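Right, one structure below, let's go through it.
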Number of protein chains: 2
Amino acid sequence: MKPHLLAALKHIALIGGLREPVSIASRELGTALGISQQTASQRLLELAKEGFVIYTVLARKGQVKIAAKGVEALRREHADYKRMFELAKEIPLRGVVESGLGEGAFYMRQKGYKEQFRRKLGYEPYEGTLNLRCSGGTLANLEILRLSEGIEISEFVSGGRTYGGAKCFRAKAGGIECAIIMPLRSHYSDTIEVISRQNMRARLGLKDGDAVELIIVL
Amino acid sequence: MKPHLLAALKHIALIGGLREPVSIASRELGTALGISQQTASQRLLELAKEGFVIYTVLARKGQVKIAAKGVEALRREHADYKRMFELAKEIPLRGVVESGLGEGAFYMRQKGYKEQFRRKLGYEPYEGTLNLRCSGGTLANLEILRLSEGIEISEFVSGGRTYGGAKCFRAKAGGIECAIIMPLRSHYSDTIEVISRQNMRARLGLKDGDAVELIIVL
DNA sequence: ATTACTAAAATACGAGTAG
DNA sequence: TCTACTCGTATTTTAGTAA
């Protein structure tokens, strides 16, 4: 994302464009950014064209709301600054239990993955994943992980199908050693998959909607 | 700060320039930012000229370290993103007790301030301040306060001298109601002054070097 | 009041290149 | 190799202005 677009996007976020459509005059935006009304107007159009915001002008007043792509870009920035100033060996993540669609278990059954987990994690995980949906401040920490290296799980081919690569991070939740796994090729997601030697759901007595805190150990 | 300069500064921070001088080739920086070697070189020169970094080229290799002004700019950004995603009514601050130079008490004795505190805070504070030096992640929260409104304390003139304006935020520390006070006209500082109805140092049995956590209530 | 077009002015960029 | 200069060009910005 181009720096000057980011600056405009950031300003829109700060006046509330993340939550709801805000009305902003191009002159106002211009003044805030130290640019002319004309340029500010252009910035809004550009942001909209690139899909960062939804921009409509109603009754001669611009209304702007940050789109998913814009939120993602801002979260990336947030994660960068967090990493810069709050770098730590332990990263907390909070999330809420969600039922998956069972595909987690399907992947965990594949030999190609099982083998790698045993070698790289030191154990063969239970055949099922715990899905956690994160929100709020925790999402920025997720973003830090996305930018970190982690333990590499390579892609492999089996039965004419390619199973994609992923990366793992060791973690602890409720005293249980576990790991989270992130697919390498995937778009933004606010849910993480937790694997462990044991069935975490049963072990911790979790049901959908329960909050779980886990600590990633880098 | 101009957006394109910020982008370069941020990249330098992410490769460790906050902590120590890092060696970076202009081509490298250029590739990372999607600009040419020439432009990247110019960015470094510009950052140095504006005082954001200390830049020296030794044996044909650029060495760059982020200067105080650069750190400040980055912290501002960090605070913006924090505010955007982690906005809360309660902001935690952690700091370590430091002895002041007694000027805090001098100011607290001035009628012009005392009067305003009584009116706007609801009590007349103890004539002395508790100084806390903040560090780490807490500094970003301090920055949030710097950008927030707070309770305004106006400047006034007395005895031919002008006493500057300030802003206050209500807070709680160790169960005691207190407030932090920030001068309006002042440069970046990592220490805050806490005032309260009581002598907090005595009341909480604090001595230099003790850690204190307080919660700002916006 | 607005937004946003066009065209001119200002600025930023990178190729070439010296040190 | 490296940095960083000059300079022609491309891009960006803004003034003027229409809608």
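Basis for what follows: all heavy atoms, side chains included, without hydrogens, waters or symmetry-related copies. A, B, ... follow the sequence lines: proteins, then strands. Residue 1 opens every chain. These numbers were taken from a predicted model, which means no experiment stands behind them.
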Residue pair A:Y55 / A:L45: nearest heavy atoms and the distance that separates them: CE2-CD2, 3.9 Å
Touch class at under 4.0 angstrom, heavy-atom based, for B:L44 against every strand present: nothing
A:S36 vs D:dT14: side-chain N/O to OP1/OP2 distance below 4.0 Å: yes
Distance-only side-chain donor-acceptor flag, A:T191 / A:N131, under 3.5 Å: no
First of A:K2 and A:Q37 reached from the 5' end of DNA chain D, by closest nucleotide: A:K2
Phosphate OP1/OP2 of D:dT3 contacted by B:S41 side-chain N/O (<4.0 Å): no
Of the listed nucleotides D:dT13, C:dG14, D:dA4, the one nearest the side chain of A:R43: D:dT13
base_contact_polar (C:dA15 base, B:Q38 side chain, donor-acceptor, <3.5 Å): yes
Rounded distance in Å - CD (B:Q42) to P (C:dG14): 10 Å
Whether A:K167 side chain and A:R146 backbone form a donor-acceptor pair below 3.5 Å: yes
Rounded distance (Å) that lies between atom P of C:dG14 and atom NE2 of B:H4: 12 Å
Atom-pair distance (CD1 on A:I35; P on C:dA10), nearest Å: 19 Å
Basic-acidic side-chain contact under 4.0 Å: A:E115, A:R118: yes
Euclidean distance, atom CD of residue A:E46 to atom P of C:dC5 [Å, nearest integer]: 12 Å
B:R109 to B:F106, cation-pi by 6.0 Å centre distance and 45° axis angle: no
Rounded interatomic separation in angstrom, taking CD from B:Q63 and P from D:dT3: 11 Å
Side chains of B:E77 and A:E77 in contact at under 4.5 Å (non-hydrogen atoms): no
For the student: nearest non-hydrogen atoms of B:L121 and B:R170, plus distance: O-NH1, 3.3 Å
Any residue of residues 12-32 of chain B with a heavy atom less than 4.0 Å from an atom of DNA chain C: none
B:L45 CG to C:dA12 P, straight-line distance once rounded to whole Å: 14 Å
